[in-house]
Amino acid sequence: MTDEEFRDHLDRFGGDLALWPPPAARDARRLLLRSIPAQRMLDEATAVELGLSRPEPGPPAGLADRIFEAAFRSEPSDRGFDEELERPKRLM
């Protein structure tokens, strides 16, 4: 297996060699013993997969409540809303 073939297999099967077809996984393990570029490719693929598998953190608990509480505690504005002057511009 060449480095280019290894990259192709990484793209198709991912960074977990246990999920690769057995002959390809065997060849990949042999390549990894001698190829630093292949080792780097595997490290990168694994890092990307781990990053994508982690759930994104959500907002802190109670954030919406704190925002509304702060809004209701603030003093009302004496400035009115002029529909013609303050209408948002169209994007398209």
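Here, residue 1 is the first one in the sequence, and each next residue gets the next number. Keep in mind that what you see is a predicted model, and the values were worked out from it rather than measured.
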**Student:** If every non-hydrogen atom of Ala18 is compared with every non-hydrogen atom of Arg29, which pair is closest and at what distance?
**Tutor:**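 The answer is N-NH2, 4.3 Å.
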**Student:** State, to 0.1 Å, how close Asp3 and Ser35 come at their nearest heavy-atom pair, and which atoms those are.
**Tutor:**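 Residues Asp3 and Ser35, closest heavy atoms: OD1-OG, 2.7 Å.
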**Student:** Could you list the cluster mates of Leu42? Members are the ILVMFWY residues connected by side-chain heavy atoms closer than 4.5 Å, either directly or through other members.
**Tutor:**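 When side chains under 4.5 Å apart are linked, the cluster holding Leu42 also contains Met1, Phe6, Leu10, Phe13, Leu17, Trp20, Leu31, Leu32, Met41.
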**Student:** Measuring from Ile67:CD1 to Phe72:CZ, what's the distance to the nearest 0.5 Å?
**Tutor:**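 Rounded to the nearest 0.5 Å, the CD1-CZ separation comes out at 12.0 Å.
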**Student:** Can any side-chain N or O of Arg26 pair as donor or acceptor with the backbone N or O of Pro21 at less than 3.5 Å?
**Tutor:**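 Side chain of Arg26 to backbone of Pro21, a donor-acceptor pair under 3.5 Å: no, none is there.
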**Student:** Strictly by salt bridge (Lys or Arg N to Asp or Glu O under 4.0 Å), give each pair with a member in residues 31-43 just once, sequence neighbours left out.
**Tutor:**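 Checked against salt bridge (Lys or Arg N to Asp or Glu O under 4.0 Å) - neighbours excluded - no pair reaches residues 31-43.
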**Student:** Can you establish whether the number of heavy atoms outside Leu33 located under 6.0 Å from its atom CG is more than 12?
**Tutor:**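 Count over threshold, so yes.
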**Student:** Of the non-hydrogen atoms in Gly15 and Ala45, which two are nearest, and what is the gap between them?
**Tutor:**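 Scanning both residues, the minimum pair turns out to be CA-CB, 4.5 Å.
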**Student:** Residues two or more places apart in sequence or in another chain: which of them pass salt bridge (Lys or Arg N to Asp or Glu O under 4.0 Å) with Arg73?
**Tutor:**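 Scan of Arg73 (salt bridge (Lys or Arg N to Asp or Glu O under 4.0 Å), adjacent residues dropped) gives none.
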